Amino acid sequence: MSTNNTLIDIRSLKKYYPVKGGVFKRHIADVKAVDDVDFKIKKGECIGLVGESGCGKTTLGKTLLRLHGSTSGRIYFDQPEKEVKELEKLLASEDHHDRLKGHKLRKKLDLTSFSKRKLMGLRKRLQIVFQDPSNSLNPRMLVKHIVGEPLVAQKLATGVDLEQRILKLLDTVGLGEMHMMRYPHEFSGGQRQRIAIARALATSPDFILMDEPTSALDVSVQAQILNLLKTLQTELGLTYLFVTHHLLVVKYISDRIAVMYLGKIVETGKTRDIFDNPRHPYTKALLSAIPVPDPETGIEKIILTGDVPNPIDPPSGCRFHPRCSFAKDYCKESVPMLEDSGNEHLIACHRWKEI
Ligand code: SF4
């Protein structure tokens, strides 16, 4: 459908959770989990989304799949670039008629405006693998029913065809016929995650949100699952958004990395560029925290002071300024925008050229 190589294009996406208080449970504030995020994912790439716990990574991923409704913003999934540009122009127009035209076109292009029916049709192209397979798999269902469920729900296969497709999916993830009639508790953590991956692959998706898929696994099993995901990506031409706080995992599996801090993306770039030449002070601090085998290497550790601020009342200007050792007074006042340093490496910091 699309004439470009962008699969997902997110514009000014916000996800706020209302906080209610007082005797009448009135809306008193918002938790700004995702705040004005612009972001593109190319077809066939794996983009790693990293940041501390609570920075909004998983919320961004789930909002993107519309598992959570968005507060505002647009999400374009596999839409022609020309039409997206036209729509953005109409929505930004001062003219009332243009904006009306834009709202009509939005229902056709923007995932956040799709009806339930239209979204249901798209579900098979967008899938998710959750962090903990012990919780994401129904303990009362047989493996064959777990893996076949999306095929049945989407009316994609029945009878013998269904059985054969389930078998093929299990084979793809390194399991077999003997596993079909077992329950999830009869498997190890790694095998359970393989079942979850088979289920995600059932509808032949284009895009899979990997929500910390290896965090709940033993280190040795993590490597097997990562290798499996990498092979599947190449063989099936999949696009991944890989959410994790584990930087070495993301270094291994991702083509590009996006660093998130307190609801905003502060740096994106190719994996090698981010690791070799991080520009944002927050990215530098995250990378310096990776343990090294030899503590005598002399690599300078950047210790972040203080906790992540409260997303209900984030700091003014650059949200990182209370913890940034390079902050100047103007950092407290103006919000840094993502700026291209070349080679698709974007940084949101007023001072990246100096530090
Ligand atoms: Fe630090 Fe200022 Fe850059 Fe924010 S904008 S990261 S406070 S130097």
Side-chain angles (χ1 to χ4, degrees), residues 10-16 29-40 47-61 71 73 241 243-248 250-251 254 256-292 299-355:
I10 298 173
R11 307 281 181 115
S12 311
L13 190 69
K14 291 184 183 176
K15 175 63 191 170
Y16 293 176
D30 288 299
V31 175
K32 295 170 181 162
V34 175
D35 201 7
D36 216 359
V37 163
D38 290 275
F39 190 43
K40 283 187 185 178
I47 178 151
L49 187 59
V50 299
E52 288 164 289
S53 297
C55 69
K57 310 183 291 289
T58 296
T59 307
L60 173 59
T71 304
L241 176 63
V243 173
T244 183
H245 58 268
H246 200 310
L247 289 156
L248 290 179
V250 108
K251 185 178 185 184
S254 303
R256 281 198 302 137
I257 290 177
V259 183
M260 210 168 167
Y261 183 77
L262 209 60
K264 287 196 176 284
I265 288 184
V266 296
E267 183 163 6
T268 70
K270 290 180 188 139
T271 302
R272 211 175 25 182
D273 289 342
I274 296 275
F275 272 83
D276 291 352
N277 193 14
R279 300 290 184 91
H280 195 283
Y282 179 59
T283 314
K284 285 178 195 247
L286 280 185
L287 294 183
S288 85
I290 298 175
V292 285
I299 295 174
E300 191 198 342
K301 292 266 178 217
I302 303 170
I303 310 290
L304 287 178
T305 51
D307 292 327
V308 180
N310 188 345
I312 294 178
D313 184 21
S316 60
C318 174
R319 292 184 174 190
F320 188 56
H321 83 252
R323 303 171 82 192
C324 179
S325 47
F326 303 99
K328 294 273 184 206
D329 282 346
Y330 54 79
C331 296
K332 297 176 191 163
E333 280 146 30
S334 70
V335 181
M337 306 304 285
L338 280 169
E339 201 181 326
D340 195 350
S341 79
N343 209 13
E344 296 176 65
H345 191 159
L346 304 173
I347 305 115
C349 167
H350 293 312
R351 302 191 60 206
W352 68 265
K353 287 178 192 153
E354 306 157 45
I355 50 185

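What you see is a predicted model; the values in this text were computed from it and never measured. First listed ligand is number 1; within each ligand, the first listed atom is number 1.
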Practice item. Name the orientation class of the two ring planes belonging to Tyr261 and Phe320 (parallel below 30°, tilted from 30 to 60°, perpendicular beyond 60°). Key: perpendicular
Check your understanding: Under a 4.0 Å N-O cut-off, is there an ion pair linking Lys353 with Glu339?
Key -> yes
**Study point:** Closer than 2.8 Å to atom 4 (Fe) of ligand 1 - protein N, O or S atoms, ordered by chain and residue number
**Key:** Cys318 SG
Practice item. For the residue pair Thr268 and His345, confirm or rule out a side-chain donor-acceptor distance under 3.5 Å. Key: no
Point to revise | Verdict with supporting geometry, Lys15 and Asp35, salt bridge (Lys or Arg N to Asp or Glu O under 4.0 Å) | key: CA-CA 6 Å; Lys15 175 63 191 170; Asp35 201 7; over 6 Å; no
**Study point:** Short N-O contact, Glu52 and Arg323, less than 4.0 angstrom
**Key:** yes
**Study point:** side chain to side chain contact (heavy atoms under 4.5 Å, CB included) between Leu287 and Leu247, worked out
**Key:** CA-CA 7 Å; Leu287 294 183; Leu247 289 156; 4.2 Å; yes
